[in-house]
Amino acid sequence: MSDAALIDAMMAHPILINRPIVVTPQATRLCRPSEAVLELLDNPVAQYTKEDGDVVHAPKA
C-alpha cells in the first residue's frame, strides 16, 4: 500500500489510528496514552478530563 493510500484510508476511517497526532514546535508525536501530549506543550494544563471520564493530572515540575 502506498503512503498516499494509507493516509487516505486513515482520513476516511480515523478509528484505524485511534491516536491523536500532535504537532508542536518541539516535536510531532502520536500521543497514546493521551498524557504524552503534556511533554510537548510549553504551558501544559494542570489537569484535564479524558473522553472516558478519567481525570489526568500533569506531573509536578
Side-chain angles (χ1 to χ4, degrees):
M1 176 178 284
S2 70
D3 288 349
L6 181 59
I7 291 170
D8 288 344
M10 290 188 301
M11 294 296 291
H13 308 282
I15 194 71
L16 293 173
I17 57 174
N18 191 22
R19 287 157 171 72
I21 300 172
V22 179
V23 179
T24 70
Q26 295 179 8
T28 298
R29 183 181 295 170
L30 289 170
C31 291
R32 184 74 171 202
S34 59
E35 297 87 275
V37 72
L38 298 173
E39 299 171 11
L40 299 177
L41 302 175
D42 290 334
N43 299 303
V45 296
Q47 73 177 40
Y48 66 94
T49 304
K50 294 167 57 168
E51 289 180 3
D52 64 4
D54 287 345
V55 177
V56 176
H57 299 276
K60 304 280 184 196

Interatomic distance, NE2@His13 vs CG@Asp8, rounded to 0.5 Å, equals 10.0 Å
Using side-chain heavy atoms (C-beta onward) and a distance below 4.5 Å, is Val22 in contact with Thr28?
no
Report, as yes or no, whether the 6.0 Å neighbourhood of atom CG on Asp52 holds more than 12 heavy atoms from other residues, nucleotides or ligands.
yes
Using a 3.5 Å cut-off and no angle test, enumerate the donor-acceptor pairs between side-chain atoms of residues 33-41 and protein atoms at least two apart in sequence or in another chain.
unit_1	atom_1	unit_2	atom_2	d
Ser34	OG	Tyr48	OH	3.2
Glu35	OE1	Lys50	NZ	3.3
Glu39	OE1	Arg29	NH1	2.8

Side chain to side chain contact (heavy atoms under 4.5 Å, CB included) partner of Thr49, chosen from Asp54, Val55, Val56:
Val55
Is Met1 linked to Met10 within one hydrophobic cluster, defined over Ile, Leu, Val, Met, Phe, Trp and Tyr using a side-chain heavy-atom separation of less than 4.5 Å?
yes
